[in-house]
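Computed from heavy atoms alone, side chains included, the values below leave out hydrogens, waters and symmetry copies.
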Amino acid sequence: MKRQAYTIASIVIIASLWAACSAQRRGSTLDNASTGSTQITSATLAAPIRFLASDLLEGRGPGTRGDLLARLYIATQMQALGLEPGGVDGSWEQPVPLLGVTGQLGPLGAAGTKSSLALTPSDDFVSFRFVSASETVSLGGEELVFAGYGIQAPEYQWDDYKDTDVRGKVVLLLYNDPDWDPALFAGKRRVYYGTPQYKIEAAARRGAKGIVLIHTRESAGWPWQVAQTSSAGEQSRLIENTRPQTDVCLMVTEDSARRLAALGGHDLSQLVAAAHSRDFAPVRLNVTLRLRIENQLRRYESANVVGILRGRDPQLRDESVVFTAHHDHLGLKPRPDGTLDIYNGAVDNAAGVAQLLAIARAFTALRERPRRSIVFVTVTAEEQGLLGSEYFAVHPTLPSGHLVAEVNFDGGNVFGRTRDVSFVGGRKSSLYDLAAELAQRQGRSVVDELFPEDGAFYRSDQFSFARVGVPVLWARSGTDVIGRPPGWGKEQRLEFIAKRYHQPSDDFDPKWDLGGMVDDAQLAFAVGLDVDNADQPPAWLPGDEFAAARRPKP
């Protein structure tokens, strides 16, 4: 009864919110919005999560039987709701060609001026991205160079490489970006310069053979066990891989990095301190590396699932608001004894798919369709590096210039309703102000993103759309949980990251309180409906890093 009361209360709040907005917001006609909002309930969210996170789907690894089952389930749900297929050739799917790489790592050998050491795979280092299409990849004594953060950012007068030649060398880099000054790289909030993908591309453009990132819990935003589980087994890349890449992409523990530096007579703490300055120049560590990786290669296909609700306005129906969530997870992963664990990914991201389907149900229940079209896309291979969303963003099944906004779901609030909400990435486009106003009318306060230093904006699928210029939004419940003591919500979030994020324990729990997820989905529905009915589409804020990438409408 308690959850039902929460849901009814949310509907009443949202209905009044839309009624108020209809009189003032860009000519929107939202009189029928409450009809759609009633479709978003705890039950309509719980059912898809239960199925998608079932052991029967074996963790939904891309290109597996579980992947096929998940895609079929999602497509049939979209069909039952009355959506049109939006994939290739009138189908529900957009095939995504992938290369699977299962790498067998040998020890990482390092030789210094007076001694040597061997780092152990998994315990000391991982290959966080197998990018080579070769059956054998090796380091044969390449020099290790400490290059600070590995960032070249003219707008901040920052250049970690200076004029140092790193061609054919391996660069040792700090995770994240400079964060001690709010006026420099946005302070604690990560920017793209702090992401592994940027560091790989920047090093590759300078001819580096390999990259070694130094992992810390604080800089990465997650514990070492996540690196271990995420890198185990098969990793994938797009067959069409046009971005600069180094041959080797490694991540080491902080202790291992300290040992590597010491081999050449250097102290890691002093190196890090030196990197906290614009005057920093790369340091040759007098250390060489040896490594051999034997790759098993598999060409295979997964797919994005695409459904469309056509808009009613002849002038705007070719424009679309896109809702996304990734349907993949980590699949089956080997234990040290050779047995397999199932990584079901209930929160990450069966919960996101459930919210997307609930919002699709809400839109199809409207008495009057919105003016623009709505596109619902569940993407594959997010856990492999946002591959499915990158493929759709670059090769959309509808003209890319017609994509006016994207709303993403990655994870979900299973702890109960909250008095607050945050937006991952902060205020980057006009979508932020719209969503903030609607959240406040929902009765929730807008708070700063929790753990902005984790760089979550660049680690989920909205980033793929931002890179091609589409304004994006990812809203997440805050931590002020109704009926719980102060600090309880933050404790639950931290516990999830420490014990269940990318672990076999991310399973469906029938005791979850999904009232907060209902609120979040209803908020996203309200945002999408308002954008769909507005005369003008959203826009990036002037000077935002993605504003220049906006594609013109064909």
Side-chain angles (χ1 to χ4, degrees), residues 52-70 98-109 118-138 196 212-213 215 220 222-237 248-253 256 291-302 326-350 380-388 459 496-508:
L52 292 170
S54 166
D55 284 354
L56 293 173
L57 275 69
E58 299 177 335
R60 309 186 306 280
T64 65
R65 176 177 56 184
D67 178 30
L68 289 170
L69 288 171
L98 297 168
L99 177 68
V101 184
T102 303
Q104 298 296 325
L105 292 169
L108 178 62
L119 298 181
T120 304
S122 187
D123 290 340
D124 299 323
F125 79 99
V126 299
S127 178
F128 68 92
R129 190 165 300 172
F130 292 115
V131 296
S132 176
S134 301
E135 293 184 351
T136 301
V137 180
S138 63
V212 180
L213 291 182
H215 173 276
W222 31 263
W224 180 250
Q225 67 190 34
V226 173
Q228 293 172 311
T229 57
S230 299
S231 62
E234 184 180 72
Q235 299 180 38
S236 297
R237 45 161 276 192
V248 176
C249 302
L250 305 180
M251 188 179 299
V252 298
T253 65
S256 297
L291 174 69
R292 186 175 180 86
I293 305 174
E294 298 290 345
N295 290 328
Q296 294 180 358
L297 306 177
R298 176 175 74 107
R299 286 177 174 263
Y300 72 98
E301 202 171 74
S302 185
H326 71 90
H327 58 250
D328 69 295
H329 197 55
L330 300 180
L332 300 172
K333 294 282 186 179
R335 296 175 180 170
D337 62 4
T339 59
L340 296 174
D341 271 323
I342 303 175
Y343 288 71
N344 282 322
V347 171
D348 182 18
N349 187 36
T380 187
E382 187 269 357
E383 303 290 7
Q384 307 292 321
L386 316 184
L387 303 183
R459 290 166 38 204
F496 176 82
I497 294 173
K499 297 181 179 180
R500 287 183 283 160
Y501 176 61
H502 283 198
Q503 300 301 313
S505 54
D506 184 9
D507 279 321
F508 177 77

Between Arg237 and Gln384, is a side chain to side chain contact (heavy atoms under 4.5 Å, CB included) present by the stated rule, with each step listed? CA-CA 7 Å; Arg237 45 161 276 192; Gln384 307 292 321; over 6 Å; no

Kindly determine whether Thr380 and His327 satisfy side chain to side chain contact (heavy atoms under 4.5 Å, CB included), including the steps that lead there. CA-CA 6 Å; Thr380 187; His327 58 250; 3.7 Å; yes

Output, in order, the C-alpha distance, side-chain angles, deciding distance and verdict of side chain to side chain contact (heavy atoms under 4.5 Å, CB included) for Asp123 and Gln228. CA-CA 8 Å; Asp123 290 340; Gln228 293 172 311; 4.2 Å; yes

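Among pairs with a residue in residues 55-66, those fulfilling salt bridge (charged side-chain N to carboxylate O under 4.0 Å, His left out) read Glu58-Arg65, at least two apart in sequence or across chains.
Across all their heavy atoms, Pro121 and Pro107 have their closest contact at CD-CA, 4.1 Å. Residues Ala70 and Leu52 approach most closely at CB-CD2, 3.9 Å, considering heavy atoms. Contact record, Ser302 with Asp67: OG-OD2, 2.7 Å, taken as the closest heavy-atom pair. Gly59 and Ile342 get closest at one heavy-atom pair: N-CG2, 3.7 Å. Contact detail for Leu297 and Leu99: the closest heavy-atom pair is CB-CD1, 4.2 Å. The two atoms that bring Ser231 and Ser127 nearest to each other are CB-O, 3.5 Å, heavy atoms only.
Once rounded to the nearest 0.5 Å, the distance linking CG of Asn344 with CG of Leu330 reads 10.5 Å. The line from CG of Leu98 to CD of Gln235 is 13.0 Å long, rounded to the nearest 0.5 Å. Tyr343 OH to Arg500 CZ: the interatomic distance, rounded to the nearest 0.5 Å, is 15.0 Å. Atoms OG1 and CZ, on Thr253 and Phe125 in that order, are 11.0 Å from each other to the nearest 0.5 Å. Taken to the nearest 0.5 Å, the CG atom of Leu105 stands 7.5 Å off from the CG atom of Leu250.
The side-chain heavy atoms of Thr136 and Glu294, taken from C-beta on, include a pair separated by under 4.5 Å. Residues Leu213 and Cys249 fail the side-chain proximity criterion, which asks for heavy atoms closer than 4.5 Å. The shortest side-chain heavy-atom distance between Tyr300 and Glu234 falls under the 4.5 Å cut-off. Using a 4.5 Å cut-off on side-chain heavy atoms (C-beta onward), Tyr501 and Val226 make contact.
Within 6.0 Å of CD on Glu135 lie no more than 12 heavy atoms contributed by other residues, nucleotides or ligands.
No salt bridge links Lys333 with Asp341; every basic N to acidic carboxylate O contact stays at or beyond 4.0 Å.
Residue Leu108 forms a side-chain contact (heavy atoms from CB on, under 4.5 Å) with just one option from Asp124, Leu291, Val248, and that option is Leu291.
Checked by atom type and distance alone, the side chain of Asp328 pairs as donor or acceptor with a backbone atom of Ala381 at under 3.5 Å. Within the 3.5 Å criterion, the main-chain N or O of Asp348 finds a donor-acceptor partner in the side chain of Asp506. For the pair Gln225 (side chain) and Ala498 (backbone), a donor-acceptor distance under 3.5 Å is present. For the pair Glu382 (side chain) and His326 (backbone), a donor-acceptor distance under 3.5 Å is absent. In terms of modelled atom types and a separation under 3.5 Å, the side chain of Asp337 and the main chain of Thr339 share a donor-acceptor contact.
For the ring-ring contact (aromatic ring centres under 6.0 Å, His included) test, residues two or more places apart in sequence or in another chain that qualify with His215 are Trp222, Trp224. By the side chain to side chain contact (heavy atoms under 4.5 Å, CB included) test, Ser54 pairs with Leu56, sequence neighbours left out.
Checked by atom type, the side-chain pair Ser230/His502 shows a donor-acceptor distance below 3.5 Å.
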